[in-house]
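I have placed the structure first, in the form of structure tokens, so that the comments after it can refer back to it.
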Amino acid sequence: MNINTATFIASSPNIDKCPATDLPEFAFIGRSNVGKSSLINMLAGRKNLAKVSGTPGKTRLINHFLINDSWFIVDLPGIGFAKISRCEQIRLKLMTEGYLMRRKNLMIIFLLLDSRHEPQEIDLEFIDWMIRYKLRFGLIFTKTDKLSKTELAAKPLLYKKTMLSAFGIEPEIILTSATKHTGREEILDVIENYLPQ
Ligand code: GDP
């Protein structure tokens with residue numbers, strides 16, 4: 001799929017303030033610093049569409065980016081939020097969960113995982129939550145340029161093994177690197193499958 005236009009539309013504090021639209025939406029979420037902004041910029045083919053933040057956990061709103069005038073990338077606040085108050089953590093959790101559970105035109109949630117790390121409790125909890133609410137999701141490994149060849153083969157297998165024993169499923173994992181510009185077509189192919197022909 002070619003990306004011809006990518007436009008920032010809105011930052012919303014909750015689902016009720018999100019743009020009124022029926023166009024298909026594709027949500028991206030992950031722990032702070034996972035590489036979400038870099039991945040969104042790579043997908044959109046724009047350098048500065050999503051901010052690549054120096055401060056982890058800066059994004060605290062639901063950000064809509066209109067692509068090709070026909071679908072949205074939705075940049076959600078991170079999960080985990082280590083550096084903010086408990087009260088703000090709860091607000092963000094409710095905001096994110098509200099959007100994910102109630103947004104009718106949401107097609108799939110992409111959960112970003114730093115490919116260098118072992119499966120993290122917080123990500124597994126979030127996966128468990130998505131499964132319980134029967135939400136469709138895909139897994140994306142980020143920063144795979146930082147892995148050796150051996151690790152690149154081993155890490156997805158380890159993750160799948162963990163998923164199999166925890167949830168009884170073995171999902172596909174898309175391997176990406178914003179630095180090396182890899183994995184872009186694979187994600188866009190998944191998205192294209194949900195778009196009207
Ligand atoms: P966010 O907080 O999840 O939006 O993450 P950012 O996109 O701001 O990236 C966090 C840090 O990881 C930045 O220093 C990026 O330059 C770096 N980074 C992001 N993607 C990649 C990647 O694919 N490879 C490498 N080596 N670094 C990356």
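We number each residue from 1, following the sequence as shown. As the structure lists them, so they are numbered: ligands from 1, and atoms in each ligand from 1.
Among H181, K143, K180, M42, the residue whose heavy atom lies closest to atom 12 (O) of ligand 1 is K143.
By the criterion of a heavy-atom distance under 4.0 Å, the side chain of D145, and not its backbone, is placed next to ligand 1. At a heavy-atom cutoff of 4.0 Å, ligand 1 is contacted by the side chain of K146 but not by its backbone.
Between F126 and W129, the ring planes are parallel. Angles under 30° get that label, and only those over 60° would be called perpendicular.
Between the side chains of S11 and N63, at least one donor N or O lies within less than 3.5 Å of an accepting N or O. A donor and an acceptor atom, one from each side chain of E25 and Y99, are located under 3.5 Å apart.
Not counting sequence neighbours, the partners of T150 by the side-chain contact (heavy atoms from CB on, under 4.5 Å) test are S148.
At under 3.5 Å, a nitrogen or oxygen of N33, whether backbone or side chain, sits near a nitrogen or oxygen of ligand 1. The shortest N or O to N or O distance between T179 and ligand 1 is below 3.5 Å. At least one N/O-N/O distance between S37 and ligand 1 falls below 3.5 Å.
Ligand 1 places these atoms under 4.0 Å from at least one heavy atom of S38: 6 (P), 7 (O), 9 (O), 19 (C), 20 (N). Ligand-side atoms of ligand 1 in range of G35: 1 (P), 3 (O), 5 (O), 6 (P), 7 (O), 9 (O), 19 (C), range being under 4.0 angstrom from any heavy atom.
L158 shares a hydrophobic cluster with no other residue; no ILVMFWY side chain has heavy atoms under 4.5 Å from its own.
Residues K47 and N41 are not in side-chain contact: their nearest non-hydrogen atoms beyond the backbone lie 4.5 Å or more apart.
By the 4.0 Å heavy-atom criterion, S177 is counted among the residues contacting ligand 1.
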Verify side chain to side chain contact (heavy atoms under 4.5 Å, CB included) between L112 and I29, making sure each step is shown before the conclusion.
CA-CA 6 Å; L112 276 53; I29 192 164; over 6 Å; no
